[in-house]
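Below is one structure; the comments refer to it alone.
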Amino acid sequence: MVAVATLVIDQASKLWLLYVFDLANRGAVRVTPFFDLVLAWNIGISFGWFQSDNQFAQLALMAIKAIAVIVLGIWMARSSTRLATVALGLIIGGAAGNGIDRFVHGAVVDFALFHIEIGGKTFNWYVFNLADVAIVAGVAALLYDSFLGVPAAKAP
């Protein structure tokens with residue numbers, strides 16, 4: 001359920017920003033002094049690494065993502081804690097959301113930009129989306145569960 005909810009929220013936000021809010025024609029929209037909505041098409045992987053508009057590279061990224069989602073789904077089915085199950089659901093939903101973007105648009109739709117101005121210089125964070133937030137939160141929850149969560153019962 002977490003994976004489906006994550007996927008729906010991610011895709012709804014992107015579709016709304018693209019087709020209702022029309023972010024492409026609005027350009028950058030300042031929401032707060034440190035947060036803007038901007039449209040960025042990410043043809044690479046996380047943080048824009050491995051940028052390539054080559055069709056083979058895009059297919060390879062989609063295949064890797066599909067394999068990762070299957071492996072994470074198996075892990076989730078075998079998960080012994082609720083936190084790990086929810087975390088894996090967040091990661092799967094986020095990965096699926098970005099995978100749908102890559103399949104439909106040929107790139108991932110990114111739109112959130114945090115920035116700060118210090119001494120007249122503006123420092124920008126990477127442009128990201130809600131799927132990215134879900135993936136990062138899921139990984140953080142998995143790390144917490146692995147290191148600080150309830151220890152597994154020992155076999156007799």
Separation of [Y] [atom2] from [X] [atom1] (nearest 0.5 Å):
X: Leu90; Y: Leu142; atom1: CG; atom2: CG; result: 9.0 Å
X: Trp125; Y: Phe35; atom1: CH2; atom2: CZ; result: 14.5 Å
X: Asp110; Y: Leu37; atom1: CG; atom2: CG; result: 12.0 Å
X: Leu130; Y: Ile135; atom1: CG; atom2: CD1; result: 11.0 Å
X: Tyr144; Y: Thr81; atom1: OH; atom2: OG1; result: 11.0 Å

Joint hydrophobic cluster, [X] plus [Y], side-chain heavy atoms closer than 4.5 Å:
X: Phe111; Y: Val31; value: yes
X: Leu7; Y: Val2; value: no
X: Trp75; Y: Val86; value: no

Answer yes or no: is there a donor N or O on one side and an acceptor on the other, between the side chain of [X] and the main chain of [Y], under 3.5 Å?
X: Asp101; Y: Val108; value: no
X: Asp36; Y: Val38; value: no
X: Gln11; Y: Gly97; value: yes
X: Asn25; Y: Asp22; value: no

Could you check whether Trp41 and His105 have their ring centres less than 6.0 Å apart?
yes
Residues joined to Ile74 in its hydrophobic cluster, side chain to side chain under 4.5 Å directly or through other members, sorted by chain and number, are Ile70
Any Leu18 side-chain heavy atom under 4.5 Å of Val109 side chain:
yes
Quick one, Val29 and Phe21 - any side-chain contact, counting heavy atoms below 4.5 Å?
yes
